[in-house]
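For the single chain, residues carry numbers from 1 onward in sequence order.
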Amino acid sequence: MRTSCVLHLVRHPPPQVAAGVCYGALDVPAPASPSLIAKLRAELPPGLPLWSSPQRRCRELAAALHPAPQFDERLQEMNSGAWEGRPWSDIPRAELDAWAADIANYTPPGGESPRQLQQRALAFVAELPVTEAAVLVTHAGVIRALYAHANGVELADCLDFCPAYGSWMRLVIAVDGGR
């Protein structure tokens, strides 16, 4: 029984979306520059299987990095429900206050909470059919959720952790009987 897995977590390039807009589940483009693709190819361990969020901003980078990427919806960014596509300044203050009061567990209307995102990301990792390591092309929310779990940090205490666009990190995470 596998007890841990090494994940190489890659965040997508900067998305093409207006500043100040909530875009978690929106399928917005994020073209990767040839220099970013070359940099990631040079830095990531070769020959590993690669899984990606099916959202366009990840899918296109995954296809540039691997000849046969696999896609899984559990690697998508958090669904912000009724907030999607709206400027943060247009979201009702009462909803933002409720979110601030319980940031890890609050669910925007019609969306999901960071805790729910973490649960689905961990379910993906638990079912990952590899024995040692994999590359995941995904989003800041998924990376943050896996980082919190791997480091034994309460999710609400690391919501300021935000990997840079186009960056990657190595994470050893407990899976299966290792939880």
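- Looking at every heavy atom in both residues, Pro54 comes nearest to Phe71 through CA-CD2, 4.1 Å.
- Contact detail for Arg144 and Phe161: the closest heavy-atom pair is NE-O, 2.8 Å.
- One N or O on the side chain of Thr138 and one on the backbone of Leu75 form a donor-acceptor pair closer than 3.5 Å.
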side-chain contact (heavy atoms from CB on, under 4.5 Å) between Arg41 and Leu65: does it pass, once the steps are laid out?
CA-CA 6 Å; Arg41 282 183 180 159; Leu65 294 176; 3.9 Å; yes

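- In this structure, the side chain of Ser33 engages the main chain of Leu36 through a donor-acceptor pair within 3.5 Å.
- Side chain of His12 to backbone of Pro31: no donor-acceptor contact under 3.5 angstrom is found.
- Within the model, atoms OG of Ser4 and CD1 of Ile173 stand 10.0 Å from one another, a figure rounded to the nearest 0.5 Å.
- The minimum heavy-atom distance between Met78 and Leu117, with the atom names listed, is N-CD1, 3.2 Å.
- The backbone N or O of Ser80 sits less than 3.5 Å from a side-chain atom of Glu84, completing a donor-acceptor pair.
- Taking the six-membered ring where the residue is Trp, His8 and Trp168 present tilted rings, their angle falling between 30° and 60°.
- Every residue meeting the side chain to side chain contact (heavy atoms under 4.5 Å, CB included) condition with Asp102, not counting sequence neighbours, appears here in chain and number order: Asn105.
- For the side-chain hydrogen bond (donor to acceptor under 3.5 Å, both in side chains) criterion with Asp72, the lone passing option out of Gln76, Arg74, Gln70 is Arg74.
- Following chains of ILVMFWY side-chain contacts shorter than 4.5 Å, one cannot reach Val10 starting from Leu136, and the two form parts of different hydrophobic clusters.
- Distance alone, capped at 3.5 Å, places no donor-acceptor pair between the Asp157 side chain and the Val153 backbone.
- Distance check, rounded to the nearest 0.5 Å: CG of Leu146 to CZ of Phe124 gives 9.5 Å.
- Taking each heavy atom of Ser53 and Cys58 in turn, the nearest pair found is O-CB, 3.6 Å.
- When atom types are taken as modelled, the side chain of Asp27 and the backbone of Arg56 share a donor-acceptor pair closer than 3.5 angstrom.
- Ring geometry for Trp99 against Trp88 counts as parallel: the plane angle stays under 30°, on a 0 to 90° scale with 60° as the upper cut.
- When hydrophobic clusters are built by joining Ile, Leu, Val, Met, Phe, Trp and Tyr residues whose side-chain heavy atoms come closer than 4.5 Å, directly or via intermediates, Val135 is not grouped with Leu122.
- Hydrophobic clustering keeps Val6 apart from Leu171 (ILVMFWY residues linked when any side-chain heavy atoms are closer than 4.5 Å, directly or through intermediates).
- The shortest non-hydrogen separation linking Pro67 to Pro69 is C-CD, 3.7 Å.
- For Glu73, the CD atom sits in a loose shell: 12 or fewer heavy atoms of surrounding residues, nucleotides or ligands are nearer than 6.0 Å.
- Atom CG of Leu48 and atom CG of Leu44 lie 8.0 Å apart (nearest 0.5 Å).
- Val137 and Tyr23 end up in different hydrophobic clusters when Ile, Leu, Val, Met, Phe, Trp and Tyr side chains are linked at under 4.5 Å.
- Between Gln55 and the options Glu77, His139, Glu60, a side-chain hydrogen bond (donor to acceptor under 3.5 Å, both in side chains) holds for only His139.
- The structure places OH of Tyr106 at 12.0 Å from CD of Gln116, a figure rounded to the nearest 0.5 Å.
- Atom-to-atom distance recorded for Glu43:CD and Lys39:NZ is 3.5 Å, nearest 0.5 angstrom.
- Remark: Arg11 qualifies as a cation-pi partner of Tyr165 under the 6.0 Å distance and 45° angle criteria applied to the six-membered ring.
- At a threshold of 4.5 Å between side-chain heavy atoms, the hydrophobic network of Ile, Leu, Val, Met, Phe, Trp and Tyr places Ile143 and Leu159 in two separate groups.
- In this structure the side chain of Tyr147 never reaches within 4.5 angstrom of the side chain of Leu7, judged on heavy atoms.
- Heavy-atom minimum distance, Ile103 versus Ala156: CG2-CB, 4.0 Å.
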